[in-house]
There are 2 protein chains.
Amino acid sequence: MTDADEIDRRLITLLREDGRRTYSDMAGIVGLSVAAVKRRVNRLQEIGVITGFTVQVDHTKLGWGVEAFTELRYAGTTRVADIVASASLLPEVHAVYTIAGDPDALVQVRVRDVAHLQQVIDQLRAAGSIAGTKTLLVLGAWTRS
Amino acid sequence: MTDADEIDRRLITLLREDGRRTYSDMAGIVGLSVAAVKRRVNRLQEIGVITGFTVQVDHTKLGWGVEAFTELRYAGTTRVADIVASASLLPEVHAVYTIAGDPDALVQVRVRDVAHLQQVIDQLRAAGSIAGTKTLLVLGAWTRS
DNA sequence: AGTGAAAAAGCCATGTC
DNA sequence: GACATGGCTTTTTCACT
């Protein structure tokens, strides 16, 4: 936990809604000067609460129409770091979550079509000592903000 | 699929790395004029490839230290839209994915601690005609870029 | 921490090639 | 799409509280 007060949280919320909002815009909303808002945002970046600015992309419109989560189960000796390292090398892999219990990891992938999905799953299986996989095909997604 | 050429894709990649990059910066990298880059980025927003700008936040540092995925299984008659509508009302829910097959949905949640997780799961169960849940507790996460 | 003001940088519309 | 110009907005810094 970090010392982020109520105003810091409001600034973060505002920037999550629109990462390009201007300092003067936010200053007007939270009731501080532009310089004060800038210093707070800079500080939030320095202490690592804000880790970066980015764009949200509709991957469907770029031809990556299929999204899936693949659950991975490993042979007993596999180390967590190796799991993440090998899976994250695939460009189709969007996120890797290591899990307590069963399964051992959950991999979020984005692919062009189901044939492509098959390829990626095969590559995941080949990457380590995988005991088994189960893939959840995403039909629809809702994400906050 | 949309008509986004190689330069468009490079611009998207650049903006994913840093959503605050200036047009002149990108113009220098891709070898176009500032005005041309601006027109392309505007167009990518208009056609919905770029859906918004935002900040990446380290939720751990804000006291939301526990992340989990909860698989939901429904009674036969539940409609997908209702699932998403009810789950997305909880502020702890970060994303809802509807799934082909078993389970019916995968819900990504972020909570303060495991006691809080218990509450959220209970609320998810109460929200619809849930036949069962299984929660995957995240130990570590890797996300692209 | 916050304020206010001035300099520097970036944005954006317009016109021309 | 390139290039140039000018007006406007935003960012960034600095001295002061």
Side-chain angles (χ1 to χ4, degrees), chain A residues 1-64 91 112 143-145, chain B residues 1-65 91 110 112 143-145:
Chain A
M1 172 95 89
T2 320
D3 43 320
D5 65 11
E6 182 54 33
I7 291 181
D8 287 333
R9 274 186 230 106
R10 285 173 66 192
L11 293 175
I12 290 169
T13 301
L14 289 171
L15 284 173
R16 279 172 56 103
E17 290 168 3
D18 180 3
R20 273 184 162 183
R21 227 181 262 272
T22 66
Y23 292 123
S24 68
D25 180 22
M26 293 188 283
I29 294 172
V30 304
L32 288 181
S33 69
V34 171
V37 170
K38 176 175 166 45
R39 278 215 301 163
R40 278 173 178 265
V41 173
N42 285 349
R43 178 172 164 279
L44 288 170
Q45 286 186 264
E46 280 162 16
I47 65 180
V49 172
I50 292 175
T51 58
F53 292 80
T54 189
V55 281
Q56 294 160 320
V57 175
D58 183 345
H59 298 275
T60 309
K61 297 218 167 135
L62 287 174
W64 296 70
R112 284 185 294 274
T143 307
R144 183 168 301 282
S145 131
Chain B
M1 171 93 89
T2 320
D3 42 320
D5 65 11
E6 181 54 33
I7 291 181
D8 287 333
R9 274 186 230 105
R10 286 175 64 192
L11 292 175
I12 290 169
T13 302
L14 289 170
L15 284 173
R16 279 172 56 104
E17 290 167 2
D18 179 4
R20 274 183 161 184
R21 228 181 260 271
T22 66
Y23 292 122
S24 66
D25 180 21
M26 294 188 283
I29 294 173
V30 303
L32 289 181
S33 70
V34 173
V37 169
K38 177 180 162 41
R39 259 188 290 127
R40 279 173 179 265
V41 173
N42 286 153
R43 179 172 162 278
L44 288 171
Q45 286 186 262
E46 281 162 16
I47 65 180
V49 172
I50 292 176
T51 58
F53 292 80
T54 189
V55 280
Q56 294 160 320
V57 175
D58 183 344
H59 299 274
T60 309
K61 297 217 166 137
L62 287 173
W64 296 70
R110 208 141 9 213
R112 285 185 292 276
T143 307
R144 183 168 301 282
S145 133

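Here is how names work: the chains are called A, B, and so on, in the same order as the sequence lines, proteins then strands, and each is numbered from 1. Please read these numbers as outputs of a predicted model, since none were measured by experiment.
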(message) Salt bridge or not between B:Arg9 and B:Glu6? Use side-chain N to carboxylate O under 4.0 Å.
(response) yes
(request) Go through DNA chain C in 5' to 3' direction and return only the first and the last nucleotide with some atom under 4.0 Å of chain A's heavy atoms. (result) C:dA1 to C:dG4
(message) Using 0.5 Å steps for rounding, measure from the CD atom of B:Glu17 to the OG1 atom of A:Thr54.
(response) 9.0 Å
(message) Could you tell me if the side chain of A:Ile12 sits less than 4.5 Å from the side chain of B:Leu62, heavy atoms only?
(response) yes
(request) Find the distance between OG (B:Ser33) and CZ (B:Arg39) and round it off to the nearest 0.5 Å. (result) 7.0 Å
(message) So if I define the base as every atom that isn't primed, P, OP1 or OP2, how would nucleotides 10-17 of chain D read as a B/S/- string at a heavy-atom cutoff under 4.0 Å?
(response) SSB-----
(message) What I'd like to find out is whether the side chain of A:Arg16 reaches to under 4.5 Å of the side chain of B:Val57, using heavy atoms alone.
(response) yes
(message) I need the A:Met26 CE to A:Arg40 CZ distance, nearest 0.5 Å.
(response) 12.0 Å
(message) Give me the atom names and distance for the closest heavy-atom approach of B:Leu14 to B:Arg21.
(response) O-NE, 3.1 Å
